[in-house]
Amino acid sequence: MRLRHFSLRTEKAYLGWMRRFIHFHGRRHPREMGGPQVQAFLSHLATDRDVSASTQSQALQALLFLYRHVLQVELPWMDSVVRARRSRHLPVVLTPQEANCVISHLDGVSRLVAQLLYGCGLRLMEALALRIKDLQFERREIIVRGGKGGKDRVTMLPGALIIPLRQHLDQLHRWYLRERQQAAPGVSLPAGLRRKYPAAPLSWPWQFVFPSATVCNDPYGAGLVRHHLHPQTVQRAVKAAVARAGIGKPAGCHTFRHCFATHLLQNGYDIRTVQELLGHTDVRTTMIYTHVLNRGGLSVRSPLDVWSEADQPDHNAPA
């Protein structure tokens with residue numbers, strides 16, 4: 001997985017599915033098993049565990065990687081697997097007033113992260129992984145590095161965030177200078193970049209915009225490093241803000257990304273522009289947000305409304 005440049009989260013997810021597969025079959029070695037056992041495990045996930053289609057697909061990819069690239073065994077076509085049912089739920093979307101109400105109940109770094117999620121359409125991990133060099137104030141752009149699928153993209157930097165971000169970076173730079181005086185560890189970098197730019201972990205442009213308060217061991221073996229803020233810190237803050245705002249919707253951090261796309265479409269921006277800003281490969285993924293455009297069945301006037309309007313007296317008619 002390291003040779004193929006998988007992300008650390010993908011590594012952990014794949015290893016977790018491999019362990020579950022082995023434990024499900026009584027700790028038998030995977031080489032002693034094959035297609036029937038993989039089919040039984042995947043069907044168990046759909047029928048007994050009631051997992052989603054995406055979760056079952058992730059488990060399948062992990063086991064295919066185990067057999068194909070680790071054990072050098074090609075599994076047969078598994079056409080008898082019970083497939084998990086793919087959900088067709090519409091995303092939870094807040095109104096602009098509700099989104100700003102939730103943000104108003106946040107403070108500090110969590111508020112700034114939420115504003116980036118709503119104002120730029122970023123995923124939570126994309127916002128937390130931002131580095132100083134990725135903020136282009138003059139061009140009012142944010143460069144998203146290594147987004148979903150390992151792709152880079154450019155998105156907007158809202159004018160309303162320029163002053164708060166500059167103030168945050170001023171405080172961060174003073175903290176950064178104190179860290180250098182105390183010879184604190186640098187930030188984490190992918191192994192290839194760390195070898196190519198050995199001084200980068202200690203340089204200002206490579207610092208995280210939202211650094212963690214503590215240092216940790218680098219999973220890639222570089223010793224102590226400082227990582228970005230943990231996602232659960234923001235997730236818990238947003239969940240508490242939704243409760244304080246009195247919004248009865250199951251909203252979270254990713255809801256702000258849904259709101260970004262939905263509100264852009266409501267304001268008349270074309271779907272291709274929204275697709276590019278979100279970083280979607282296929283426009284069909286972006287089209288899930290077109291349910292807000294009041295087209296199709298939703299544009300039909302209810303007969304109850306027609307009858308109610310016809311039944312109202314005409315106050316402009318002559319007496």
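Predicted model, so just to flag it, every value in this text is computed and none were measured.
Both the sub-6.0 Å distance and the 45° axial angle are satisfied by Arg166 relative to the ring of Phe137.
Without hydrogens or angle criteria, Asp134 side chain to Leu130 main chain gives no donor-acceptor distance under 3.5 Å. At distances below 3.5 Å, not a single donor-acceptor pair connects side-chain atoms of Ser110 with backbone N or O atoms of Leu106. Side-chain N or O atoms of Arg180 include one that pairs as donor or acceptor with a backbone N or O of Ala184 at under 3.5 Å. Between the Thr290 side chain and the Met287 main chain, a donor and an acceptor come within less than 3.5 Å of each other. A donor-acceptor pair is defined here as one N or O able to donate and one able to accept, closer than 3.5 Å; no such pair exists between the side chain of Thr262 and the backbone of Cys259. Counting only distance, with no hydrogens or angles, the side chain of Gln167 and the backbone of Pro164 share no donor-acceptor pair below 3.5 Å. Within the 3.5 Å criterion, the main-chain N or O of Lys133 finds a donor-acceptor partner in the side chain of Gln136. A donor-acceptor pair is defined here as one N or O able to donate and one able to accept, closer than 3.5 Å; such a pair exists between the side chain of Lys249 and the backbone of Val93.
Phe208 and Arg226 get closest at one heavy-atom pair: CE1-O, 3.7 Å. The minimum heavy-atom distance linking Pro201 with Gln207 is given by the pair O-NE2, 3.0 Å. Summarising the geometry of Ala46 relative to Gln56, their closest heavy-atom pair is CB-NE2, 3.6 Å, with the distance given to 0.1 Å. Between Ala200 and Trp206, the closest heavy-atom pair is O-CB, 3.3 Å.
Taking a 6.0 Å sphere around CZ of Arg284, one finds it holds 12 or fewer heavy atoms contributed by other residues, nucleotides or ligands. Under a cut-off of 6.0 angstrom, the local environment of CZ in Arg49 is sparse, with at most 12 non-hydrogen atoms contributed by other residues, nucleotides or ligands. Atom CD of Glu11 has more than 12 neighbouring heavy atoms from other residues, nucleotides or ligands inside a 6.0 Å radius. Crowding of Arg139 atom CZ: a count of heavy atoms from other residues, nucleotides or ligands under 6.0 Å not exceeding 12.
Tested against Leu122, the residues Leu277, Thr155, Leu278 include a single side-chain contact (heavy atoms from CB on, under 4.5 Å) partner, Thr155.
The pair Glu126-Arg153 meets the salt-bridge criterion, with a side-chain N (NZ, NE, NH1 or NH2) lying under 4.0 Å from an Asp/Glu carboxylate O.
Here Leu172 contributes atom CG and Ile132 contributes atom CD1; the two are 5.0 Å apart, rounded to the nearest 0.5 Å.
With hydrogens and angles left out, the side-chain atoms of Thr281 and Lys151 include a donor and acceptor closer than 3.5 Å. Under the 3.5 Å distance criterion, with hydrogens and angles disregarded, no donor-acceptor pair is assigned to the side chains of His105 and Arg111. Judged by distance alone, the side chains of Asp282 and Thr285 never bring a donor and an acceptor atom under 3.5 Å apart. Under the 3.5 Å distance criterion, with hydrogens and angles disregarded, a donor-acceptor pair is assigned to the side chains of Thr55 and Ser52. Using modelled atom types, one finds no donor on one side chain facing an acceptor on the other under 3.5 Å when comparing Ser212 with His227. A donor atom on one side chain and an acceptor atom on the other are found under 3.5 Å apart for Arg272 and Gln275.
At least one side-chain heavy atom of Leu64 sits under 4.5 Å from a side-chain heavy atom of Leu75.
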Requested in this report: Check the pair Leu15 / Met1 against side chain to side chain contact (heavy atoms under 4.5 Å, CB included), numbers first and verdict last.
Outcome: CA-CA 10 Å; Leu15 290 173; Met1 287 189 277; 4.0 Å; yes

Report task. Could you check Val113 against Gln115 for side chain to side chain contact (heavy atoms under 4.5 Å, CB included), going step by step and ending with a plain yes or no? Result -> CA-CA 5 Å; Val113 173; Gln115 288 176 315; over 6 Å; no

Query raised in the report: Taking it one step at a time, do Val109 and Leu229 satisfy side chain to side chain contact (heavy atoms under 4.5 Å, CB included)?
Result: CA-CA 10 Å; Val109 171; Leu229 191 67; 3.9 Å; yes

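With sequence neighbours excluded, the residues that form a side chain to side chain donor-acceptor pair (under 3.5 Å) with His44 are Asp48.
Taking the centre of each ring, Phe24 and Phe41 come in below the 6.0 Å mark.
The aromatic rings of His258 and Tyr289 are tilted relative to each other, their planes meeting at an angle between 30° and 60°. The aromatic rings of Tyr118 and Phe256 lie tilted to each other, with the angle between the two planes from 30° to 60°. Classified by interplanar angle (parallel below 30°, tilted 30° to 60°, perpendicular above 60°), the ring pair Phe21/His25 is perpendicular.
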